[in-house]
Structures are given as structure tokens and as C-alpha cells.
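These notes concern the structure reproduced below.
Since we're looking at a predicted model, the values are computed, not measured. By convention in this document, chain letters (A, B, ...) are assigned in the order of the sequence lines, proteins followed by strands, and residues within each chain are numbered from 1. Below, each value reflects all heavy atoms present in this structure, side chains not excepted, and no hydrogens, waters or symmetry copies.
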2 protein chains.
Amino acid sequence: MRNDLRKSDIHLDGIDKRLIELLYDNARTPVSELARSVSMTAPSVNERLKRLEESGVIAGYRVDIDPLALGYSLIAIVRMRQLPGKMHELEAQINLIPELVECDKVTGDDCYIARLYLKNISELDPILDSISDLADTNTSIVKSTPVKRRLLV
Amino acid sequence: MRNDLRKSDIHLDGIDKRLIELLYDNARTPVSELARSVSMTAPSVNERLKRLEESGVIAGYRVDIDPLALGYSLIAIVRMRQLPGKMHELEAQINLIPELVECDKVTGDDCYIARLYLKNISELDPILDSISDLADTNTSIVKSTPVKRRLLV
DNA sequence: CGTGAAATATCATAGCA
DNA sequence: TGCTATGATATTTCACG
């Protein structure tokens, strides 16, 4: 990470953006193939990737697992509002729920918004019970996903 | 995708899980290195990956971009409830908002829950205005993320 | 499902523009 | 920042258990 620049100063040119798009489509694309796609040599593309990694723009490369293929056929979005004095306990507890894959703490009436993957609707109640002494909850079930997580570049 | 199995029938053994963990940490890890980590040969690891890809468990490999490094310093979660007869128009409109990187349609009072990345809070109002004829909205700003998107395996 | 071995392709580095 | 050249690694295929 370069500390001599504010993060927001980082500028991507067209080639950087194209490389990122290609790597968003398939992060295991060989550098040599990326190089062909942008009409550059492999070493130069390699250097660009290193710079993007060191500047923090590229935070990593991750395998994308399909929860449905593993039998997680339900997504629940749970909004939580911690009970008085229970904030730390709640944050500790939600970290112990493996089905809970993401949680944001937000402004407004709902204090936390979490995303859970479930194999069966019957798994929901025991999970909510495990935090019922720590927070009031409001659960929605995802019916469809009109916009799937997409690239911001 | 194998169509002779229900998706939920797919079973991962310990080696599959370890490979997925390694690829979640770094999806560009060479097969040969994965092979060393699980004490197998490269061709067998290659075959396992092919099977995981063909069965749909591995949906892909994606570069992970840090929005903050690009100057997107704010995350907003917008809950929307479409106005009567405006559902299709709303879904079309949200697809046109580049800052909106994800949207789920859910059961309950809120019909849609979307995630937006913003460089500046002043960008929020024009975006909300662009859908104000289509939906009532309720916006929360993310203060922190107690659970960052994590692997479900 | 797994392996070893060999052909092919890719990566990483150094030196130069 | 980028290129070429090169030695070290990695990938992929195949015959086989």
C-alpha cells in the first residue's frame, strides 16, 4: 500500500480498467492472455497488476462459490437493533453464526443489516433465537436478485 | 453443470474444502502450489477444480476491488418500496445506476434492498431523486462492517 | 480418482529504451 | 512505464493402476 497518496487519488487508465474487467470475469486468466487482450507484453501487464495490488485497488483474487450448488437455497436479510448494553455481545455472537456471511452496522433505526445463507427455512428460527436476548430482529427472505453483485469500475 | 444431480446433492470432501479456502484467500494460486498444500499432484488438483467448476460449486474466480482505494468512501443501503404499477420501471431504472452494485427483492415491507458505493454524500440525493417517482426509499449509511463478506463452506 | 513423465505455455527477472 | 530475452516454473495431456 502506498502511503504517500491518499487512496482516493488513485487513477485508473483504460488499460487498468480493461485488465480489471478481464480479471473480474476470470481472475485466473494467465498474464500472457491478459497481455494479448490489451495488446501489451506480459511483463508490462505483470507490472500493472503489481501496482494495482500495491496501491490497494486490487484487494485480492477470490474464488466465487455458488451457495445454491451447496444446497443453500435460501437467502435471508436480517435487520437487527441491539437491546440496551448488548452491542458488544451481539457483535461477538453474530460472528459465531457460520450462515451469516456479511453484516453492516448502519445509521438509522436498524443498527445492523446481515445476510444469511440457509439450506432450509427451519434453520432460521434457531439462529434468530440465539440472538433474541441481544437484539430485536426483522427478517426478510430474498425472492430474487435484480442486480447481482457487480463491478464498480 | 451436471444435470443428473440435484445441486444440493453435491458433496465436498476435506480436500475440496481446503482447495476452496486456499482459492478464497488467493484465487491466482498456481495449481502446483495448491497441490503441494494438499499433498497431491498437480493433475489431480486440476481435475478436482474442473469437477468443482463443472458441478457449479465454483461459479468463477473474481478480482476483489477495494472501493475505498478508488475513492468510494461511503456505502449506502437503500430500502425501496415500489409505487403502484412501477415495479418494472423501477427494476429497469436501478440497473442504470452504476453506483448501485447489488439489489435483492425481498418479502416484507421493504420490497427491494440495494447497496450503493458513493464517493461523496452529495451523490446520494440525485440518485434517490432519479427513482423518487417509482419508489419510496429509506436510506441507511454503513458506519462499519462487523462481518465482512466471508466464505460459506 | 489418482500418478509420473514429457511437451507446451507461462512467469519473473534483468538489462535497455 | 514499457520492451526483449532468458532461465525457472507451471500447466496439460496421456498411458496406466
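- For the residue pair Tyr117(A)/Glu123(A), the side-chain donor-acceptor check at 3.5 Å is not satisfied.
- Annotation: dC1(C) and dC16(D) have their C1' atoms spaced 13 Å apart (nearest Å).
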Please tabulate the protein-to-nucleotide N/O contacts below 3.5 Å involving nucleotides 11-13 of chain D, giving atom names and distances.
from	atom 1	to	atom 2	distance (Å)
dT11(D)	OP1	Val31(B)	N	2.9
dT11(D)	OP2	Val31(B)	N	3.0
dT11(D)	OP2	Ser32(B)	N	2.6
dT11(D)	OP2	Ser32(B)	OG	3.3
dT12(D)	OP2	Asn46(B)	ND2	3.1

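- With a 3.5 Å limit on both pairing distances and Watson-Crick or G-U wobble geometry required, the stems of 3 or more pairs in DNA chain C span C:2-17 with D:1-16.
- Between Arg36(B) and Val45(A), the one whose closest nucleotide on DNA chain D sits nearer the 5' end is Val45(A).
- Side-chain atoms of Val142(A) and Leu74(A), non-hydrogen and from C-beta on, never get closer than 4.5 Å to each other.
- Side-chain atoms of Glu91(B) and Tyr112(B) form a donor-acceptor pair, as typed in the model, at a separation below 3.5 Å.
- Closest of all the heavy-atom pairs between Asp133(B) and Lys86(B) is O-CE, 3.8 Å.
- Taking every heavy atom of residues 12-23 of chain A and every atom of DNA chain C, no pair lies under 4.0 Å.
- Between Asp136(A) and Arg81(A) there is no salt bridge, since no side-chain nitrogen of the basic residue lies less than 4.0 Å from a carboxylate oxygen of the acidic one.
- Put simply, the side chain of Ser39(B) never gets that close to the backbone of Ala35(B): no donor and acceptor are under 3.5 Å apart.
- Annotation for Val45(B) and Met40(B): closest pair CG2-CB, 4.1 Å, computed over non-hydrogen atoms.
- A salt bridge is defined here as a Lys NZ or Arg NE, NH1 or NH2 lying under 4.0 Å from an Asp or Glu carboxylate O, and Arg48(B) with Asp13(B) meets this definition.
- Rounded to an integer number of Å, the gap from CE of Met40(B) to P of dA10(D) is 18 Å.
- Arg18(A) and Glu21(A) are joined by a salt bridge, as a carboxylate oxygen and a charged side-chain nitrogen come within less than 4.0 angstrom of each other.
- Of the listed nucleotides (dA10(D), dC1(C), dG4(C)), dC1(C) has the atom at the smallest distance from the side chain of Arg51(B).
- Between Arg115(B) and Asp104(A) there is a salt bridge, since at least one side-chain N of the basic residue sits less than 4.0 Å from a carboxylate O of the acidic one.
- Rounded to whole Å, the distance from CD on Glu47(A) to C1' on dA17(C) is 14 Å.
- Looking at Thr107(B), its side chain does come within 3.5 Å of a backbone N or O of Ile141(A) through a donor-acceptor pair.
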